[in-house]
Each structure stands twice: as structure tokens, then as C-alpha cells.
Amino acid sequence: MNRMDVTEKIISAKVAKGLRWSDVARRLGRSKEWTTALCLGQMTATPQQAQVLGEVFGLTQEEQQWLQVAPSKGSLPTAVPTDPLIYRWYEVVSVYGSTIKELIHEEFGDGIMSAIDFNMDIQREADPKGDRVRVVLSGKFLPYKEY
């Protein structure tokens with residue numbers, strides 16, 4: 001058994017039970033974005049969170065323990081993603097990455113946006129021309145240090 005086996009079991013149970021990630025997040029007391037990342041193998045659960053997920057998804061003690069192991073971050077099977085939705089994010093970074101970098105440096109100085117001290121919010125935004133996807137990313141600015 002490994003973490004990917006647990007992820008696959010979670011996804012199967014989610015489908016079988018007709019759950020939404022927001023339902024699971026409410027049970028866990030966390031955002032749907034973080035909860036989804038946890039369930040897909042990108043975050044580490046506390047023992048209490050693992051127990052709740054065990055109840056929700058019918059996980060064994062061993063499977064709950066796998067949820068508490070620090071994962072290897074990054075879940076894409078290829079350097080350039082082939083899934084159309086994920087590829088569009090790759091395209092956004094490819095086209096606008098240098099713009100984002102330039103504007104962050106202009107506003108904050110030389111540094112990076114943390115993906116550790118980080119929040120994300122995904123919402124549906126009604127639009128008469130077709131609903132839009134609103135994604136808000138908020139990461140702490142970390143300046144490079146002089147030494």
C-alpha cells in the first residue's frame with residue numbers, strides 16, 4: 001500500500017457516496033481547496049483529520065496513517081500537463097508568468113510568493129455570457145535575504 005492507493009480509494013468512495021469536496025471540507029473544518037489537496041495526496045493530515053476522513057471514506061487505520069505521511073509535492077505525471085483544464089493553467093503561467101513576476105517585483109521587491117503560507121479560493125461567478133471561474137490565490141511575500 002502507498003499514498004496513491006489511499007487517494008484512489010478516497011476518490012472511489014467520494015463517487016460511490018455522491019459527496020462533494022465542500023461536504024468533506026465542512027466535516028474536516030477546512031476550506032474545500034485545502035481539503036481537496038489533502039485528499040488528492042498533496043497535504044499532510046493531522047491524526048484527528050485522518051480519523052474524520054477515515055469515517056467519511058471508510059478508511060482503515062493503515063490508510064489513515066498514510067494520510068499523515070508528508071507527501072512528495074507535485075502530482076502531474078508529465079512536465080507539460082495533458083489534461084485540458086490543467087494545461088490551461090500551464091498556459092496561463094507560460095503566457096502571463098513573466099508579467100506576474102514583474103508586477104510582484106515592482107510592488108514588493110525581489111522575492112517570491114509562498115505556496116506554503118498560502119490560501120486559495122475557487123468560486124463560480126455568474127455571467128450572462130457564460131459562468132466564469134474565479135480563482136483567488138494569496139501567498140505570503142518572501143523577500144530574498146542578503147548575507
Side-chain angles (χ1 to χ4, degrees), residues 1-94 96-97 100-101 103-105 107-127 130-147:
M1 172 170 293
N2 61 45
R3 183 58 181 90
M4 184 52 81
D5 295 331
V6 178
T7 297
E8 290 176 10
K9 183 172 180 178
I10 287 171
I11 293 169
S12 293
K14 177 187 175 287
V15 171
K17 294 180 177 198
L19 296 172
R20 295 179 55 86
W21 291 120
S22 56
D23 300 330
V24 179
R26 266 190 296 284
R27 288 277 309 269
L28 208 57
R30 294 284 179 246
S31 73
K32 68 182 181 299
E33 294 80 8
W34 187 88
T35 299
T36 304
L38 169 62
C39 291
L40 295 179
Q42 296 302 302
M43 298 295 164
T44 307
T46 66
Q48 297 79 16
Q49 292 166 336
Q51 182 178 0
V52 170
L53 293 176
E55 294 166 6
V56 171
F57 296 115
L59 304 178
T60 66
Q61 282 298 113
E62 181 183 1
E63 290 165 336
Q64 291 176 40
Q65 289 174 316
W66 275 106
L67 294 174
Q68 299 170 62
V69 174
S72 178
K73 304 283 186 180
S75 62
L76 300 178
T78 60
V80 177
T82 56
D83 177 278
L85 192 143
I86 297 173
Y87 178 79
R88 290 298 169 249
W89 279 98
Y90 177 81
E91 181 180 35
V92 166
V93 172
S94 295
Y96 294 103
I100 293 167
K101 176 181 169 45
L103 293 173
I104 288 172
H105 286 175
E107 182 68 27
F108 294 91
D110 189 15
I112 62 171
M113 183 180 90
S114 176
I116 295 170
D117 190 342
F118 178 84
N119 296 311
M120 174 174 35
D121 184 46
I122 300 173
Q123 300 292 328
R124 178 185 292 255
E125 183 179 288
D127 188 294
D131 286 358
R132 302 182 67 81
V133 179
R134 176 179 293 276
V135 179
V136 177
L137 308 175
S138 175
K140 180 180 180 180
F141 180 73
L142 302 171
Y144 285 102
K145 296 181 354 181
E146 294 183 18
Y147 55 96

Mind checking the [atom1]-[atom2] spacing from [X] to [Y]? Nearest 0.5 Å is all I need.
{"X": "S12", "Y": "K17", "atom1": "OG", "atom2": "NZ", "value": "12.0 Å"}
{"X": "Y96", "Y": "L103", "atom1": "OH", "atom2": "CG", "value": "12.0 Å"}
{"X": "R134", "Y": "I122", "atom1": "CZ", "atom2": "CD1", "value": "12.5 Å"}
{"X": "R27", "Y": "T35", "atom1": "CZ", "atom2": "OG1", "value": "12.0 Å"}

Looking at every heavy atom in both [X] and [Y], which two are closest together, and how far apart are they?
{"X": "L137", "Y": "M120", "result": "CD2-CG, 3.8 Å"}
{"X": "D131", "Y": "R124", "result": "OD2-NH1, 2.8 Å"}
{"X": "D23", "Y": "R26", "result": "OD1-NH2, 2.8 Å"}
{"X": "S114", "Y": "F118", "result": "O-CD1, 3.3 Å"}
{"X": "R3", "Y": "L67", "result": "NH2-CD2, 3.2 Å"}
{"X": "P71", "Y": "G41", "result": "CB-O, 3.1 Å"}

What residue pairs, at least two apart or across chains, pass salt bridge (charged side-chain N to carboxylate O under 4.0 Å, His left out) with a residue in residues 71-90?
R88-E91
Of T7, V6, I11, L53, the one forming a side-chain contact (heavy atoms from CB on, under 4.5 Å) with C39 is L53
Tested for side-chain contact (heavy atoms from CB on, under 4.5 Å) against Q51, the lone hit among Q48, Q49, E55 is E55
Does the side chain to side chain contact (heavy atoms under 4.5 Å, CB included) test come out yes or no for Y144 and I112, once each step is laid out?
CA-CA 8 Å; Y144 285 102; I112 62 171; 3.4 Å; yes
Other residues, nucleotides, ligands: >12 heavy atoms within 6.0 Å of [X] [atom1]:
{"X": "M1", "atom1": "CE", "answer": "yes"}
{"X": "R30", "atom1": "CZ", "answer": "no"}
{"X": "Q61", "atom1": "CD", "answer": "no"}
{"X": "K140", "atom1": "NZ", "answer": "no"}
{"X": "F141", "atom1": "CZ", "answer": "yes"}

Side-chain (Q64) to main-chain (L59) donor-acceptor, under 3.5 angstrom
yes
Got I10 and V56 here, is their nearest side-chain heavy-atom distance under 4.5 Å?
no
By side-chain hydrogen bond (donor to acceptor under 3.5 Å, both in side chains), D121 pairs with (sequence neighbours left out) Q123
Evaluate side chain to side chain contact (heavy atoms under 4.5 Å, CB included) for D5 paired with W66, printing each intermediate quantity in order.
CA-CA 9 Å; D5 295 331; W66 275 106; over 6 Å; no
With sequence neighbours left out, the residues meeting ring pair (Phe, Tyr, Trp, His ring centres under 6.0 Å) with Y90 are Y87
As a quick check of understanding, evaluate side chain to side chain contact (heavy atoms under 4.5 Å, CB included) for F57 and K9, giving each step before the final call.
CA-CA 8 Å; F57 296 115; K9 183 172 180 178; over 6 Å; no
Stepwise, does the side chain to side chain contact (heavy atoms under 4.5 Å, CB included) test hold for L38 with L28?
CA-CA 11 Å; L38 169 62; L28 208 57; 3.8 Å; yes
